[in-house]
Number of protein chains: 2
Amino acid sequence: MKPTREVLLDALETLLLDGGSSAATLEAVAAAAGVSKGGLLYHFGSKEALYQGFLDRLLVESKAEADGTLAAPEGVVAAYLDVSSVAEDPSTRSVLAALRLAGVQEVDVEAALVESFEYWYEVISRRVTDPVLARLVQLVGDGLYLHALIGTATREQDDEVVARVVALVAEHERDAA
Amino acid sequence: MKPTREVLLDALETLLLDGGSSAATLEAVAAAAGVSKGGLLYHFGSKEALYQGFLDRLLVESKAEADGTLAAPEGVVAAYLDVSSVAEDPSTRSVLAALRLAGVQEVDVEAALVESFEYWYEVISRRVTDPVLARLVQLVGDGLYLHALIGTATREQDDEVVARVVALVAEHERDAA
DNA sequence: GTCTATAATCGGATAGAC
DNA sequence: GTCTATCCGATTATAGAC
């Protein structure tokens with residue numbers, strides 16, 4: 001069975017996605033995780049500690065996901081763009097939840113997201129030698145994140161965009177060789 | 001002198017950008033605008049009304065901004081990507097503030113942002129005939145929005161990306177002719 | 001490790017004076 | 001059109017039992 005700490009962080013994530021930061025009260029998180037407020041406060045001594053725990057887990061997860069794409073058969077570019085556009089992907093869920101948390105005073109959400117995005121950029125750069133093209137790939141992916149955040153998915157069309165970007169990268173790498 | 005309503009909405013915007021939705025309490029907004037809580041509640045009868053007023057203004061502003069780019073000498077594509085990447089642009093500030101508001105229960109922030117993004121897409125489409133390419137332009141711009149939101153601006157490099165995208169569009173339009 | 005009860009504070013909203 | 005005073009509910013956090 002999952003440790004209570006993880007269950008609490010899962011509950012926080014779901015509440016953030018459903019109702020934003022104001023919905024993620026200690027009582028609501030505790031209830032969603034099936035424990036009492038006191039039970040939550042045993043694991044995370046304050047709201048700040050809870051939020052920080054969530055950001056720490058986010059970084060571990062997203063770096064692991066980024067590393068994983070290096071071995072992906074479809075390539076890093078397609079893998080990143082795919083991850084970014086699937087709102088149900090566990091790693092994407094965490095990022096979207098963190099975006100909903102952006103701006104709160106308790107923790108530095110932006111710093112955590114910056115670290116995650118920079119890590120992704122480095123991973124992309126290992127397969128896309130032209131830095132401008134690597135940045136373009138990242139920006140398209142992050143645009144997909146933003147659209148996932150507000151729920152505007154134009155799935156079929158976005159698949160075509162992804163294919164176009166992948167082709168663009170392949171073409172450029174061929175020219176460089 | 002600016003009407004109090006506008007001053008209040010400006011104050012809300014700044015507070016959202018600085019401290020997220022939880023920092024934008026009625027009292028804080030009123031204080032930042034230089035009026036009392038009671039004074040604010042005369043203009044906006046509830047927090048919901050205040051938020052809705054902000055979203056209404058956002059839509060008017062961003063549609064006007066989109067229309068304006070149709071006459072921009074550098075072209076719609078460059079203009080959109082430029083607007084998206086300059087966090088100080090008034091219209092961009094509104095969008096970034098709205099993103100910080102995403103997920104609150106009082107109003108449908110997502111719907112307003114969707115409407116704004118769709119309007120931009122239509123404007124872009126008037127100059128970029130290939131729908132896949134138009135969507136790509138939009139996604140790059142929205143990626144820039146997201147990076148402006150978390151404060152990762154790589155200005156010089158992003159300018160190069162913008163130039164690359166503009167060239168891509170120009171090339172495609174030439175081929176189509 | 002988890003619970004209940006409670007303290008202390010804060011936020012949204014109303015009423016009525018000026 | 002703006003202010004002060006006040007009420008009420010919600011939220012964070014503590015204390016201490018089990």
Side-chain angles (χ1 to χ4, degrees), chain A residues 1-57 97-98 100-109 112, chain B residues 1-57 97-98 100-109 112:
Chain A
M1 181 177 165
K2 241 184 193 175
T4 305
R5 263 186 75 98
E6 296 302 310
V7 177
L8 284 164
L9 293 179
D10 290 345
L12 170 62
E13 184 174 289
T14 298
L15 282 167
L16 283 174
L17 289 170
D18 286 353
S21 62
S22 55
T25 66
L26 295 184
E27 193 162 294
V29 171
V35 298
S36 69
K37 211 191 305 189
L40 184 160
L41 286 163
Y42 169 78
H43 293 282
F44 299 99
S46 67
K47 195 171 194 180
E48 178 181 332
L50 175 67
Y51 283 173
Q52 193 57 52
F54 175 70
L55 294 180
D56 291 345
R57 189 177 74 163
R100 291 254 157 123
L101 206 55
V104 297
Q105 30 243 297
E106 288 89 352
V107 287
D108 195 343
V109 182
Chain B
M1 182 177 165
K2 238 182 194 177
T4 305
R5 262 186 76 98
E6 295 302 310
V7 177
L8 284 164
L9 293 178
D10 290 343
L12 171 62
E13 185 175 287
T14 299
L15 282 167
L16 284 174
L17 289 169
D18 287 352
S21 62
S22 54
T25 66
L26 294 186
E27 196 161 290
V29 171
V35 297
S36 68
K37 211 193 297 191
L40 184 159
L41 286 163
Y42 169 77
H43 294 283
F44 299 99
S46 68
K47 194 170 197 183
E48 179 181 333
L50 175 67
Y51 285 172
Q52 192 57 52
F54 176 71
L55 294 181
D56 290 345
R57 190 177 73 164
R100 291 254 157 121
L101 206 55
V104 297
Q105 33 243 297
E106 287 90 352
V107 287
D108 195 341
V109 183

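Quick caveat, the model's predicted, so the values are computed rather than measured. Within every chain, numbering begins at 1; the chains are lettered A, B, ... in the order of the sequence lines, protein sequences first and strands thereafter.
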Could you tell me whether the phosphate oxygens of D/dG1, OP1 or OP2, come under 4.0 Å of any side-chain nitrogen or oxygen in B/Y42?
-> yes

Choose from D/dT12, C/dG1, D/dT14 the nucleotide whose nearest atom is closest to any side-chain atom of A/K47.
-> D/dT12

On DNA chain D, more 5' by nearest nucleotide between B/T4 and A/S22 is B/T4

Atom OG1 of A/T4 and atom CG of A/L9: how far apart are they, to the nearest 0.5 Å?
-> 11.0 Å

Value in whole Å for how far the C1' atom of D/dA13 lies from CD of A/E106 | 13 Å

How long is the line joining CD of B/Q105 and C1' of C/dG11, in whole Å?
-> 14 Å

Could you give the CG-to-P distance, from A/L26 to D/dT11, as a whole number of Å?
-> 10 Å

Mind running side chain to side chain contact (heavy atoms under 4.5 Å, CB included) on B/V35 and B/H43 for me, showing each step along the way?
-> CA-CA 11 Å; B/V35 297; B/H43 294 283; over 6 Å; no

Any side-chain N or O of B/S46 under 4.0 Å from OP1/OP2 of C/dG12?
-> no

Taking only the side-chain heavy atoms of B/L41 (C-beta and beyond), determine which of C/dT14, D/dT14, C/dT2 contains the nearest atom.
-> C/dT14

Length of the CG-C1' vector between B/L40 and C/dG11, whole Å = 13 Å

Let me know the distance between CG of B/L8 and C1' of D/dG1, rounded to the nearest Å.
-> 12 Å

Would you call B/R57 and B/R5 a side-chain contact if the rule is heavy atoms closer than 4.5 Å?
-> no

Of D/dT2, D/dT12, D/dT14, the nucleotide closest to the side chain of B/S36 is D/dT2

At what distance, to the nearest 0.5 angstrom, does CZ of B/R100 lie from CG of B/L16?
-> 8.5 Å

Partner of B/L12 under side-chain contact (heavy atoms from CB on, under 4.5 Å), chosen from B/L40, B/V29, B/L101 | B/V29

Whole angstrom is fine here: how far is it from CD in A/E27 over to C1' in D/dT14?
-> 15 Å

Quick one: which of D/dT2, C/dA13, C/dG11 gets closest to the side chain of B/T25?
-> C/dG11

What is the distance, rounded to the nearest whole Å, between atom NZ of A/K37 and atom P of D/dT11?
-> 9 Å

A/L50 atom CG is separated from D/dT12 atom C1', nearest whole Å, by 12 Å

Nucleotide nearest A/H43 when distance is taken to its side chain, options C/dT2, C/dG12, D/dT14 = C/dT2

